[in-house]
Amino acid sequence: MIGTRAQGDALLLIARWVLPVRGPAIEHGAVLVSGNRIAAVGRAASLVAEAGDAKVRDLGDAVLLPGFVNAHSHLELTVMRGLLEEADFRSWITKLTRIKLERMSHEDLLDSARLGALEAVSAGVTCLADTCDSGVAVEAIEDAGLRGVVYQEVFGPDPAQCGESMQSLIGKLERLDAARSAPDRVRLGVSPHAPFTVSAQLFEHVADLSIARQLPMAIHAAESEAERAFLRDGSGPFGDRFRERGISWTPPATSTIAWLETLGVLAARPLLIHAVQATPDDLVRIANADASVVHCPKSNAKLGHGIAPVREMLARGLRVGLGTDSVASNNLCDMLDEARSAVMMARAVSRNADAMSARRAIEMATIGGAEAIGLDSETGSLEPGKRADLCAVSLDGLHATPIHDVEAALVFSCTANDVALTVVDGVTVYDREAGGATLLDETRLRARLAEIARVISGSTSG
Ligand SMILES: [Zn+2]
């Protein structure tokens with residue numbers, strides 16, 4: 001199947017509700033798409049008159065909103081959905097790394113990532129910030145017609161590995177850059193993985209590279225109690241692993257965010273993934289550095305890490321996006337479920353129903369993510385001149401009936417299963433009515449994932 005390319009043509013999408021996100025909801029609204037950009041947003045009655053010979057699609061009882069920005073994913077790990085349940089964090093991450101490195105070929109990782117991208121388009125996601133070890137996410141995102149930033153991961157806990165890790169990182173970035181077929185849609189970045197897999201020296205070198213080449217950077221930071229103990233005094237499972245491997249480690253006796261500030265890493269204005277353990281002082285550090293945060297409430301809860309102080313982050317004016325993290329720790333790429341979880345957890349932990357509104361959660365899932373990854377001038381809201389990245393969520397399910405408040409309906413009633421249409425850069429990449437994803441072969445990918453799952457399922461012991 002070939003995607004419906006509206007480029008050069010005009011398309012008028014009409015729906016019962018339009019949520020531009022920056023601006024109030026519009027009942028009986030419409031969005032006029034011209035080529036790959038949004039030409040107008042407003043009342044359907046007035047846009048019909050303006051639309052001339054544009055193709056018209058009336059989505060009926062649905063809400064049109066900006067496509068979701070999933071600000072943290074690991075597409076290559078999609079095949080590990082449900083594989084590593086009930087493991088503690090250290091063994092979860094160790095097993096996951098071993099399977100990825102030892103049991104999966106490049107083609108396996110690529111098809112795993114493609115299935116993740118297929119799930120994303122069918123969930124109304126139009127932009128992904130993906131941290132990736134193998135680099136396959138670039139091709140998968142391009143193939144699915146998505147927008148995104150792929151942060152090439154780099155590892156190296158031993159200071160002696162620093163030179164080698166940097167050389168390997170630079171080589172990978174050059175190869176990915178040369179292989180990109182849609183550099184306008186898919187940007188490259190770097191991701192020094194986490195404080196327990198990256199030495200101080202390597203962090204410093206990657207930050208220098210990020211600044212010198214203007215490559216966006218993402219870091220898993222302040223995620224777990226195990227990480228906090230490792231930085232505080234070298235205790236806990238990560239300290240044990242360093243001792244077993246004979247890697248020297250001098251704990252800085254500070255928080256992760258303070259350590260990253262000391263190393264000069266915050267100067268690269270990184271996207272800080274998780275920040276569950278961030279203290280009030282850390283939030284000041286993040287604000288002063290003009291860094292961003294991606295909140296992954298479901299992954300943090302499922303792995304037993306806790307709840308990030310997202311209310312305090314928002315109160316301080318930090319740029320905060322929402323991310324699903326990998327499906328190995330979620331197990332869904334469903335931004336409505338993520339938004340709902342963010343609201344529920346913020347309210348539950350603060351014992352305050354005012355802690356986060358449905359509207360705030362929708363903002364985090366769209367423009368907040370776009371701001372956090374630096375793409376807000378292009379995507380994240382429905383505004384004339386921006387890229388035509390949008391989705392339609394059907395409101396005709398029993399679970400959403402009746403509608404009194406469209407934002408509450410989206411966040412508290414709807415799920416990714418209600419997504420009817422996804423458009424990226426003016427191209428329809430998912431159309432439920434027309435059979436689903438338009439650019440990826442779902443039947444082939446389902447068969448491939450079943451095959452890869454069989455191979456890796458024997459390797460989870462030990
Ligand atoms: Zn992650």
Side-chain angles (χ1 to χ4, degrees), residues 69-85 87-101 109 112-113 116-117 119-120 125 127-137 140-141 148-155 157 189-198 203 206 216-227 238 256-257 260 270-278 291-308 310 320-335 338 341-342 369 372-373:
V69 177
N70 186 351
H72 183 51
S73 61
H74 295 260
L75 291 181
E76 64 186 342
L77 304 181
T78 302
V79 74
M80 294 190 210
R81 187 193 325 261
L83 181 70
L84 304 165
E85 303 298 325
D88 66 83
F89 188 45
R90 180 188 157 176
S91 55
W92 180 85
I93 207 159
T94 307
K95 284 177 181 175
L96 186 146
T97 307
R98 193 185 305 151
I99 294 166
K100 185 176 63 179
L101 295 178
L109 289 161
S112 175
E119 184 184 7
V125 171
C127 182
L128 291 156
D130 195 84
T131 52
C132 188
D133 181 11
S134 66
V136 295
I141 289 173
V149 181
V150 175
Y151 302 87
Q152 173 62 55
E153 286 188 313
V154 56
F155 301 83
V190 288
S191 179
H193 174 257
F196 49 89
T197 53
V198 172
F203 263 124
V206 179
M217 182 161 74
I219 308 166
H220 292 88
E223 180 178 8
S224 63
E225 177 54 35
E227 177 185 325
F238 294 123
T256 295
I257 307 297
L260 293 175
L271 175 66
L272 299 163
I273 307 158
H274 302 306
V276 172
Q277 298 276 347
S292 319
V293 175
V294 50
H295 179 40
C296 305
K298 285 184 64 196
S299 171
N300 296 153
K302 184 160 185 269
L303 292 174
H305 292 328
I307 303 173
V310 66
V320 185
L322 266 187
T324 60
D325 208 345
S326 80
V327 296
S329 63
N330 189 308
N331 299 352
L332 303 169
C333 172
D334 181 339
M335 292 295 287
E338 209 65 45
S341 301
I373 64 172

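Both ligands and their constituent atoms are indexed starting at 1 by order of listing. Computed from a prediction, not measured in an experiment: that's the story for all the values here.
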Got a second to check how far S134's OG is from E76's CD, nearest 0.5 Å? 4.0 Å
Only residue of D325, N331, N330 satisfying side chain to side chain donor-acceptor pair (under 3.5 Å) with K302 is N331
In Å, rounded to the nearest 0.5 Å, how long is the span from CD of E338 to SG of C296? 6.5 Å
Kindly compute the distance separating CG (D334) from CG (N70), expressed to the nearest 0.5 Å. 10.0 Å
Hey, what's the ring geometry for H193 with F196, parallel, tilted or perpendicular (30° and 60° as the breaks)? perpendicular
Run T256 and E227 through side chain to side chain donor-acceptor pair (under 3.5 Å) and show every step you take. CA-CA 8 Å; T256 295; E227 177 185 325; 2.6 Å; yes
Which of the protein's N, O or S atoms come within less than 2.8 Å of the Zn ion (ligand 1), not counting waters? H72 NE2, H74 NE2, H220 NE2, D325 OD1
